[in-house]
Protein chains: 2
Amino acid sequence: MKENNKTQTFTKVECADRLSAVEDAIYVLGGKWKLRIIVALVSGYHRFNEIQRSVKGISPRVLSNELKILELNGLVKRTVDSESFPVLVEYIPTDYAETLKELVSMLGNWGVNHKKRISSEIDL
Amino acid sequence: MKENNKTQTFTKVECADRLSAVEDAIYVLGGKWKLRIIVALVSGYHRFNEIQRSVKGISPRVLSNELKILELNGLVKRTVDSESFPVLVEYIPTDYAETLKELVSMLGNWGVNHKKRISSEIDL
DNA sequence: CAGAATCCGTTAGGATACTG
DNA sequence: CAGTATCCTAACGGATTCTG
């Protein structure tokens, strides 16, 4: 049976599993902020206020929440250096977060394309 | 300057644009139901109640809303055959919806992997 | 069958002020 | 600096009933 990425076939169970996997991914990455924060993190912003400035429009409350969730999901590591003053807290993206780069890239490509489509529709 | 998919570089403006593109994509595809509905559509479910049965747990109100939004975004076409009785309404995924297959596939892969990670963490 | 109408609870997230 | 605490609103979405 030939199977390239254009003609993947799945049994019903496999299909259901994959669907729930898609949902899992959306659950972890969805919402207004998570991917934006991840991008900020991998772009080199590690301090709380730094991230807040980088991710425009986010409030500290929301940022704090999202960072906790991202940490729970193993995408970022919170480190505290209590020797320094003021206490230095850093949010470091894990290697695991890197695995999202390709996905983010694809989403971006699709989004760019989609914007073109939509705006050209308006012209019709 | 070498540029493979591991070392893409962007100017600040390009980066901001791409980021907003990612947001656009999430906006169009995000939420609890949209990708699930798209999967149902490309899987061959075209009638309203058919789709509702396929996408487990969705209410008619929500399904109706989502379908309208998907139509606005060009991902599905609503067709009515008023000659027939009862009136036959069908929701046909556009070719454009096919462009999501790869994305959905990647999300699925990532999700599968993520579930493994998370559940193995619990064992630690 | 294909939805619309209604009602209602939950939650995401915004604004702002405050604290160690 | 790195958050927490409060308050508040809008949107999401569930349940149910109704209709052409």
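A note on names: the letters A, B, ... follow the listed sequences, proteins ahead of strands, and every chain is numbered from 1.
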**OP:** Please state whether the phosphate of C:dG3, meaning OP1 or OP2, lies under 4.0 angstrom from any side-chain nitrogen or oxygen of B:Tyr91.
**Re:** yes

Subject >> For atom CG of A:Asn65 and atom C1' of C:dG13, their distance in whole Å >> reply: 9 Å

Subject >> A:His46: partners by ring pair (Phe, Tyr, Trp, His ring centres under 6.0 Å), with sequence neighbours left out >> reply: none

Original post:
Any side-chain heavy atom of B:Leu100 sitting closer than 4.5 Å to one from B:Val42?
Top reply: no

Original post:
Rounded to the nearest Å, what distance is computed from the CD atom of residue A:Gln52 to the P atom of nucleotide D:dA2?
Top reply: 11 Å

Original post:
What integer distance in Å separates A:Arg53:CZ from D:dG3:P?
Top reply: 14 Å

Original post:
Does a side-chain heavy-atom distance below 4.5 Å link A:Ile37 with A:Ile58?
Top reply: yes

**OP:** For A:Leu63 and C:dG14, give me the distance from atom CG to atom P, rounded to whole Å.
**Re:** 11 Å

Give each protein N/O atom lying under 3.5 Å from an N/O atom of nucleotides 15-20 of chain C, with the pair distance.
{"residue": "C:dA15", "atom": "N6", "partner": "A:Arg61", "partner atom": "NE", "Å": "3.4"}

Original post:
Does A:Arg78 have a side-chain nitrogen or oxygen under 4.0 Å from the phosphate oxygens OP1 or OP2 of D:dG3?
Top reply: yes

**OP:** State, yes or no, whether a side-chain contact exists between B:Leu75 and B:Lys34 at a heavy-atom distance under 4.5 Å.
**Re:** no

Original post:
Taking the side chain of A:Glu66 as heavy atoms from C-beta outward, which of C:dG13, C:dC1, D:dG14 is closest to it?
Top reply: C:dG13

Subject >> Length of the line joining B:Tyr45:OH and C:dA2:C1', which is rounded to integer Å >> reply: 19 Å

**OP:** Would you mind telling me which of D:dA2, D:dG13, C:dC1 lies closest to the side-chain atoms of B:Asn49?
**Re:** C:dC1

Original post:
With respect to the phosphate group of C:dA4, does any side-chain polar atom (N or O) of B:Ser64 fall under 4.0 Å of OP1 or OP2?
Top reply: yes

Subject >> Close side-chain approach of B:Lys32 to A:Ile26, heavy-atom, < 4.5 Å >> reply: no

**OP:** Report yes if at least one side-chain N or O of A:Lys68 is closer than 4.0 Å to OP1 or OP2 of D:dT4; otherwise report no.
**Re:** yes

Subject >> Ion pair check, B:Lys68 and B:Glu71, cut-off under 4.0 Å >> reply: no

Original post:
When you look at OH of B:Tyr96, are more than 12 heavy atoms from neighbouring residues, nucleotides or ligands closer to it than 6.0 Å?
Top reply: yes

Original post:
In whole angstrom, what separates B:Glu83's CD from C:dC1's C1'?
Top reply: 17 Å

Subject >> Value in whole Å for how far the C1' atom of C:dC1 lies from CG of B:Leu67 >> reply: 14 Å

Subject >> Separation of atom CG in B:Leu88 from atom P in C:dA2, rounded to whole Å >> reply: 7 Å

